[in-house]
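Both backbone and side-chain heavy atoms feed into the values below; hydrogens, waters and symmetry mates do not. A, B, ... follow the sequence lines: proteins, then strands. Residue 1 opens every chain. Being a predicted model, the structure only gives us computed values, none of them experimental.
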Amino acid sequence: SSILHIAAVVVSGTSVVVYMYTWCLSSSIHISAVVVSMFSTIICGFLFLLVVKRLPEHVQVDDPAVVKRLAKKLERQQIPLRSDYGYKVSLFSHLHQYSRKAPLTQQLSIPSTVIHPSIVRLGLQYSQGIVAGSNARSVALLHAFKQVIRDYTTPPNEELSRDLVNKLKPYISFLNQCRPLSASMGNAIKYIKKEISNIPSQCKEEEAKTKLLTCIDRYIEEKIVLAAKAISKYAIEKISDGDVILVYGCSSLVNNILCEAFEKSRKFRVIVVDSRPRLEGREALRRLVQRGISCTYVLISALSYILPEVSKVFLGAHALLANGYVMSRVGTSQIALVARTFNVPVLVCCETYKFCEKVQTDSFVSNELDDPDDLMVTRKGKTQLENWQDVSSLGLLNLVYDVTPPDFVDLVITDLGMIPCTSVPVVLRVKNLDQ
Amino acid sequence: MGQLVNSDNRMPGADKEADLTERIEAFLADLKRGGCGTGPIRGSGETARETTALLRKVTAQARWSSAGDLMEIIRKEGRRMTAAQPSETTVGNMVLRVLKIIREEYARSRGSSEETDQQESLHKLLTSGGLSEENFRQHFVHLKANVIEAINELLTELDGTTDNIAMQALEHIHSNEVIMTVGRSRTVEAFLKDAARKRKFHVIVAECAPFCQGHEMATNLSKASIETTVIADAAIFAVMSRVNKVIIGTQTVLANGGLRAVNGTHTVALAARHHSTPLIVCAPMFKLSPQFPNEEDTFHKFVSPHEVLPFTEGEILSKVNVHCPVFDYVPPELITLFISNIGGNAPSYIYRLMSELYHPEDHDL
C-alpha cells in the first residue's frame with residue numbers, strides 16, 4: 001500500500017504540473033494535454049480512494065450510508081443480509097447484535113450456487129458456536145479453503161491468480177455475516193490472498209493448486225502447531241513444582257502448555273475460573289481432568305476468595321494489539337486487575353500470527369455482541385428476564401471481548417520468545433520486513 | 001437468675017409464654033433455613049425488626065428484678081439466635097443495641113450522667129485504676145417501662161431506615177449519569193427509584209452469578225422506568241470506564257469500615273478504584289457490626305457447589321474441588337462514602353459511630 005501512496009502522490013503531482021502548463025499556454029491549448037491531465041486526475045482520484053484505509057463495516061452499524069453500501073455489496077454477491085436482533089444498549093449502537101436462533105443459512109437456498117458447501121457449513125458452525133476459539137476458527141477456515149481450492153477450476157480466459165481471489169471475496173463476506181472475523185482469521189486470509197496473487201501466470205492449474213495446498217499446510221504447521229510447541233517449551237520453564245496456576249476459560253494454547261508440563265512431571269495444581277454465560281471453563285476442566293491434573297473450579301465472582309492461594313496466572317489471547325493491549329475473552333482484564341492487586345504474576349500466551357496492527361484503548365469501540373438471550377437463566381423454575389423484550393427500558397448486554405492494559409500483564413510468551421507487552425509493535429515491524 | 005417461665009399459673013400467662021417461645025423457635029427456624037445460597041427468606045431490615053420485636057416481648061414477659069438479670073436473659077437469647085445463623089449479623093447487632101439501651105436507661109434511672117460509664121477514656125483509666133465495678137444490681141420501678149419505650153423508639157427508627165436513605169438520593173445522583181450496581185439490595189433499589197422520580201439516569205446491573213439476583217433487581221428497576229442494562233460478571237471491568245458512580249448495598253459493615261458484601265463486590269471495588277470512580281455504599285445503621293475481618297474460616301460462608309457445577313456434569317464432579325463462597329471482603333480504602341439513615345459518612349468515621357451504638361463490654365455476646 002506504500003507503493004500506492006507514492007504512485008498517488010506522483011500522479012497527482014504530474015497532473016497539477018500539466019494543468020498549470022495548459023493554463024500558462026492558454027493560447028495554444030493542446031487537446032492531448034487536457035486529455036492527459038484529465039486522465040491523470042481521475043487515476044489519482046482512484047488511487048486515493050484505494051489508499052485511504054476504510055473502517056471495517058461491522059463497527060459502523062449506526063451509519064445508514066455504510067449499512068446501505070454493505071447491503072448493495074451483499075446483493076451483488078448474492079449473499080443474504082443478516083438482521084439485528086433485540087434492543088441494543090445505546091453505548092453499543094454501532095455494533096451488530098444477532099440472535100443465534102436465526103442463522104444466516106436459513107435465508108440461503110440449499111444447495112447454494114454462489115457459496116461452496118464447506119463454507120456454508122463453516123459459517124453455520126461459527127454462528128452456532130460449534131467452532132469457537134481463535135485457533136480452532138483459523139484452522140477450520142484454512143481447511144475449508146483447502147477444500148475450495150481442490151474443487152476450483154479456472155474458467156477459460158481467466159487467470160487463476162486473479163479469479164481465485166475474486167471467488168474468495170463472497171465467501172469471506174458470508175463468513176463475516178455469520179460471525180465477525182477474528183484477528184487470526186484476518187491474518188490467515190491476508191496470507192492466502194498474497195500467496196494466490198503470487199502464483200506466476202504461466203503456472204499450470206494442477207501445479208498451482210498443489211502449491212497452494214502445501215502453502216496452507218505449512219502455514220498451519222508453522223504458525224499454529226510448531227508455535228504451540230515453542231511456547232510450551234518457554235512456558236514450562238516458568239512452571240515450578242508446587243505451583244498453583246489459575247487459568248480462565250478455555251484457551252487451547254494454555255491447555256496444551258499445562259498438559260505438556262504435567263507430562264514432564266511438574267507438580268502443580270490448576271484453578272479454572274469460569275464465567276457466565278458461555279461457561280467455556282467446563283470444557284477446559286474436562287480436558288485437564290482427563291489428563292489427571294488436579295483441578296479446582298470457581299466462577300469469576302469468587303476470584304477474590306481464591307486468588308490468595310494462586311502463585312501464577314496463565315491467560316490466552318485472541319489478539320495482541322499494536323499498542324500493547326491484549327484482546328481476549330471478556331473477563332480477562334478483570335482477572336489481570338485482581339491478580340495485580342494480590343501481586344500474582346500474569347503471563348499471557350499468544351502465537352505471533354495473532355498480532356495485529358489495530359490499536360484500541362477500551363472495549364467499546366470495536367467489540368462483538370453475542371446473543372442477548374444467553375444471559376437469561378432459569379433458577380428454581382423461574383426465569384426472571386423471560387420477557388425482557390417487552391420491557392422498553394431493559395437491555396441485556398453480552399460482550400465477547402475485552403482489552404487488558406499492558407501494565408496488568410507481566411510477560412507475553414510467544415513463539416519468538418518471552419517479551420513484554422510493549423514489544424508487540426517491534427515484532428510486527430520485524431514480521432513486515434520479513435514479508 | 002431471671003427465668004423465662006412466668007410463675008403465675010393463670011391460663012393467659014402460660015399462653016403468652018408459650019406463644020413467645022413458639023415465635024422465637026419459628027424465628028430461629030427461619031434463620032437456619034435462610035442459610036442456602038439465595039439469601040435469607042426475609043431481608044435484613046425485616047430480620048432486624050423481628051429480632052427487636054422479640055426482644056421487646058422478652059423484656060415484657062420475662063421475670064427479672066434488676067437490669068443485670070434482664071441483660072443476662074437478653075444475652076442468652078441473643079446467643080441462641082446468633083448461633084442459628086452466624087452470618088446474619090443483624091440479629092447480633094440488634095441484641096447489642098438493646099443491651100446498650102438497658103445500660104443507658106439504668107444509668108439514667110440512677111441519675112448519673114451518661115458520659116461517666118461510657119467506654120474507658122484515658123483520664124478514667126488513669127484516675128479510676130481499674131474496670132468499672134458497675135454490676136447493675138439496683139432495682140428501679142420504672143426501668144421496665146423505660147426500656148420498653150426505648151425499644152419502641154428503636155423500632156420506629158428501624159421502620160424509617162429505607163426511607164431515610166432514599167431521601168438522600170437526590171444529593172448524590174445527577175442527570176444522565178451511568179450508575180453501576182451489583183446483585184440485589186432493597187436499600188439501593190429504593191435509593192435509585194427515589195432519584196428516578198426527578199432525574200433521568202442509566203443503571204448497569206451486574207448479575208452476580210451463580211444466584212443471579214441482579215436479574216430481579218434489573219426487572220424491578222426497569223418497571224420503575226429506569227434505563228437498565230444487565231451485564232455478566234465478567235464484563236464489570238470492561239464497562240467500568242463509562243460508569244460515573246458505583247452504588248452498592250452490603251450484608252454487613254465491619255468495625256474497621258470494611259464490608260462483607262456479596263461475592264464479586266471486591267472486583268467491582270478494585271475496578272472502580274482503577275478508574276477513580278466513587279464507590280458509595282448504602283447501608284442502614286443496623287448493619288454495622290462490631291466484628292473485625294479475619295481471614296480464618298469464620299469470615300467466609302459457603303453454599304452447595306451444585307450452584308456452580310451442577311450434578312448434570314457427571315463423573316467429573318468426583319475429581320474436582322468446587323467452591324461457592326457467598327461473601328467478599330472489601331477493605332475500607334476502596335470505599336468512598338457510606339450513606340446510612342443518619343446521613344453520609346466516610347469509612348474512617350465508622351469506628352466512632354460504632355462506639356455510640358454499642359457498649360464495648362458487649363462486643364462478645
Problem - Closest non-hydrogen atom pair between Phe364(A) and Ala238(B), with its separation - result: CE1-O, 3.4 Å
Fill in the blank from the handout: Residue from Ser392(A), Ala302(A), Ser363(A), Cys295(A) scoring the most non-hydrogen pairs under 4.5 Å with chain B is Cys295(A)
Problem - Residue selection (most heavy-atom pairs with chain B, distance under 4.5 Å) from Val338(A), Leu375(A), Leu396(A) - result: Leu375(A)
Exercise for the section: Ignoring hydrogens and angles, tell me if any N or O in the side chain of Ser301(A) forms a donor-acceptor pair with the backbone of Ala209(B) under 3.5 Å. Expected result: yes
Fill in the blank from the handout: So NE2 of His274(B) and CD of Gln334(A): to nearest 0.5 Å the spacing works out to 12.5 Å
Handout entry: Ile226(B), part contacting chain A, at a heavy-atom distance under 4.5 Å
Key = backbone
Completion exercise
Tightest non-hydrogen contact, residues Arg276(A) and Ala232(B), listed as O-CB, 3.6 Å
Completion exercise
So CG of Leu279(A) and CD of Glu313(B): to nearest 0.5 Å the spacing works out to 8.5 Å
Handout entry: Per-residue contact mode, Leu91(A) against chain B (heavy atom under 4.5 angstrom)
Key = side chain
Exercise for the section: Tell me, for Ser275(A) versus chain B, whether the close heavy atoms (under 4.5 Å) come from the side chain, the backbone, both or neither. Expected result: side chain
Problem - Heavy-atom donor-acceptor pair, Ser393(A) side chain to Ser222(B) backbone, under 3.5 Å - result: yes
Practice task
For atom CD of Gln389(A), decide whether the heavy atoms of other residues, nucleotides or ligands shown that lie under 6.0 angstrom number more than 12.
Solution key: yes
Problem - Interchain contact, Ile236(B) with chain A, by part (heavy-atom threshold 4.5 Å) - result: both
Problem - For chain A, the option from Leu270(B), Val322(B), Val262(B) that forms the most heavy-atom pairs under 4.5 Å - result: Leu270(B)
Completion exercise
If one checks every heavy atom of Ser294(A) against chain B at 4.5 Å, the contacting part turns out to be neither
Practice task
Classify the angle between the aromatic ring planes of Phe237(B) and Phe408(A) as parallel (below 30°), tilted (30 to 60°) or perpendicular (above 60°).
Solution key: tilted
Completion exercise
Most contact-rich option vs chain B, by heavy-atom pairs under 4.5 angstrom, among Pro372(A), Ser90(A), Ser304(A), Gly331(A), is Ser304(A)
Problem - Portion of Leu285(A) that has a non-hydrogen atom of chain B nearer than 4.5 angstrom - result: both
Completion exercise
In terms of heavy-atom pairs under 4.5 Å with chain A, the winner among His266(B), Arg242(B), Glu207(B), Lys319(B) is Arg242(B)
Handout entry: Atom group of Ser241(B) that falls short of 4.5 Å from chain A, counting heavy atoms
Key = side chain
Practice task
Answer with side chain, backbone, both or neither: which region of Val239(B) has an atom nearer than 4.5 Å to a non-hydrogen atom of chain A?
Solution key: both
Exercise for the section: Flag the one option from Ile231(B), Asp328(B), Leu309(B) with the top tally of heavy-atom pairs under 4.5 Å to chain A. Expected result: Leu309(B)
Practice task
Select one option (side chain, backbone, both, neither) describing which atoms of Glu315(B) are under 4.5 Å from chain A's heavy atoms.
Solution key: neither
Completion exercise
chain B shares the most heavy-atom pairs under 4.5 Å, among Val391(A), Ile271(A), Leu299(A), with Leu299(A)
Exercise for the section: Kindly compute the distance separating CD (Gln384(A)) from CG (Asn220(B)), expressed to the nearest 0.5 Å. Expected result: 7.5 Å
Completion exercise
Separation between CD (Glu307(B)) and CZ (Arg379(A)), nearest 0.5 Å, reads 4.5 Å
Practice task
Against chain B, label Val330(A) side chain, backbone, both or neither, depending on which of its atoms sit under 4.5 Å from a heavy atom there.
Solution key: both
Exercise for the section: Identify which of Val178(B), Val308(B), Val203(B), Val182(B) forms the greatest number of heavy-atom pairs closer than 4.5 Å to chain A. Expected result: Val308(B)
Exercise for the section: Let me know if Leu399(A) has heavy atoms under 4.5 Å from chain B in its side chain, its backbone, both or neither. Expected result: side chain
Handout entry: Interface moiety of Tyr87(A) toward chain B, non-hydrogen atoms closer than 4.5 Å
Key = side chain
Completion exercise
From the list Val89(A), Thr296(A), Val377(A), Thr383(A), the residue making the most non-hydrogen contacts under 4.5 Å with chain B is Thr296(A)
Handout entry: Residue selection (most heavy-atom pairs with chain B, distance under 4.5 Å) from Asn367(A), Ile300(A), Leu337(A), Asp402(A)
Key = Leu337(A)
